[in-house]
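The structure under discussion appears below in the form of structure tokens.
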Amino acid sequence: MARETSRDRRERVAAMQAAQKRAERRRLLVLIGACVAVIAIIGAAVAWAVVGEQNKKNAALDAISGDVASAQCDPVTNDPATGSSEHIGPGTNQPTLTHVDYTTIPPSSGKHLAAPAVDKRRVYTTADVPAVETLVHNLEHGYTILWYDPSIEKTQAASFEALATRINAMKESANKFLVVPWDTKRGAFPAGKKYALSHWSADVDQSTGQVKSQMGHRQLCGGLNTSVVETFVKQHPWSSAPEPGAA
């Protein structure tokens, strides 16, 4: 048997090292391929979920985008407005006053609690809705509120979310559109009405910031319709309010 020379030994070691590198390269390629496959699967799942969610929103909007007449909306009413900058509750000169008996259902102006609702919620439920007196402060800041009868909260949940997303994207809204349940203990909507839009508009002196004139606006409807809400917001934009620059 021939004795292995130093050269033979080096060549054998080199061949073994080369084979090991090829094996490691194959394992790396397999690992990369597996990672790519996993990423592709996750990406497809996310894309499917996004498309599915968008389809749900589109379907929810389609459900409330029919004939305007079918919503059975009353004409917009203009209410005398009062209460600009009139704060009540803790930290004000009326600290014990936290409840206001508003002259309209729902209110479109009036005295209000010192702090508005400024969280990121745009659709509220009966479980988390702020006080009416808080929401009136939002009206003073240029918000439009869609109040709804609590009886339709669950059946219209998807439509509320889709509508809030659409309306808050409008330049006339500037993300100041809320959907909230009406507190029926404060009085019921008129018979046949399940929805009410309200906005507090004002003519403000730009040099002094003083409110020269103000008016509340309301529209009550039997059904929910996207076009009705869009028209109301266009007619009464966020900028037409006693304090439009506030949050």
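In what follows, every heavy atom counts, from backbone to side chain, and hydrogens, waters and symmetry copies are set aside.
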Which pair of heavy atoms, one from Pro107 and one from Val136, lies closest together, and at what distance?
CG-CG2, 3.7 Å

Should Glu230 and Lys234 count as an ion pair when the cut-off is N to O under 4.0 Å?
no

Supply the atom-to-atom distance Thr144 OG1 to Leu139 CG, rounded to the nearest 0.5 angstrom.
8.0 Å

If the condition is side chain to side chain contact (heavy atoms under 4.5 Å, CB included), which residues does Thr82 pass it with, not counting sequence neighbours?
none

Supply the atom-to-atom distance Thr5 OG1 to Arg10 CZ, rounded to the nearest 0.5 angstrom.
7.5 Å

Looking at Asp79 and Ser108, what are the two nearest heavy atoms and their distance?
OD2-OG, 2.8 Å

Main-chain N/O of Lys212 paired to Asp203 side chain as donor or acceptor, under 3.5 Å:
no

Taken in chain and number order and not counting sequence neighbours, the residues that satisfy side chain to side chain contact (heavy atoms under 4.5 Å, CB included) with Arg186 are His99, Tyr102, Val132, Glu133, Trp182, Asp183

Output yes when Asp74 and Lys193 qualify as a salt bridge under the 4.0 Å nitrogen-oxygen rule, no when they do not.
yes

ILVMFWY network linking Leu178 to Trp238, side-chain heavy atoms under 4.5 angstrom:
no

Donor-acceptor pair, Ser173 side chain versus Ala169 backbone, under 3.5 Å?
no

Do any side-chain atoms of residues 240-247 form donor-acceptor pairs under 3.5 angstrom with protein atoms, and if so which ones, sequence neighbours left out?
unit_1: Ser240; atom_1: OG; unit_2: His199; atom_2: NE2; d: 3.3
unit_1: Ser240; atom_1: OG; unit_2: Pro237; atom_2: O; d: 2.9
unit_1: Glu243; atom_1: OE1; unit_2: His141; atom_2: NE2; d: 3.2
unit_1: Glu243; atom_1: OE2; unit_2: Ser85; atom_2: OG; d: 3.1

Once side chain to side chain donor-acceptor pair (under 3.5 Å) is applied, do any residues pair with Thr126, and if so which ones, sequence neighbours excluded?
Glu153

Which atoms form the tightest heavy-atom contact between Gly89 and Thr98, and what is the distance?
CA-CG2, 4.2 Å

Apart from Val228 itself, residues in the same hydrophobic cluster as defined by side-chain heavy atoms under 4.5 Å
Leu61, Ile64, Val68, Val76, Val123, Leu146, Tyr148, Ile152, Phe160, Leu163, Ile167, Met170, Phe177, Val179, Tyr195, Leu197, Leu224, Val229, Phe232, Val233

Of all pairs that satisfy side-chain hydrogen bond (donor to acceptor under 3.5 Å, both in side chains), the ones with a partner from residues 59-70, not counting sequence neighbours:
Ser65-Thr226

Ile32 meets the side chain to side chain contact (heavy atoms under 4.5 Å, CB included) criterion, sequence neighbours left out, with Leu28, Val36

Exam field: side chain Asn168 to backbone Ala164, donor-acceptor pair closer than 3.5 Å
yes

Can you tell me how far apart OH (Tyr143) and CH2 (Trp200) are? Round to the nearest 0.5 Å.
14.5 Å

Sequence neighbours excluded, the answer for side chain to side chain contact (heavy atoms under 4.5 Å, CB included) partners of Thr208 is Asp205, Gln210

Which salt bridge (charged side-chain N to carboxylate O under 4.0 Å, His left out) pairs, counting each pair once, include a residue from residues 19-46, with sequence neighbours left out?
none

Rounded distance [0.5 Å steps], CD1 in Ile145 versus CG in Leu135:
4.5 Å

Whichever hydrophobic residues join Leu220 through chains of side-chain contacts under 4.5 Å:
none

CZ of Arg9: more than 12 outside heavy atoms within 6.0 angstrom?
yes

Any residue meeting ring pair (Phe, Tyr, Trp, His ring centres under 6.0 Å) with His87, in chain and number order, not counting sequence neighbours
His112, His137

dist Ser201:OG -> Met215:CE (nearest 0.5 Å) comes out at 7.0 Å

Point-to-point distance, once rounded to the nearest 0.5 Å, from CD of Gln214 to OG of Ser84
5.0 Å

Closest approach of Ser109 to Ala81 (non-hydrogen atoms, all atoms of both residues)
OG-CA, 3.2 Å

Would you mind listing the cluster partners of Val204? Hydrophobic ones only (ILVMFWY), side-chain contacts under 4.5 Å, chaining allowed.
Val211

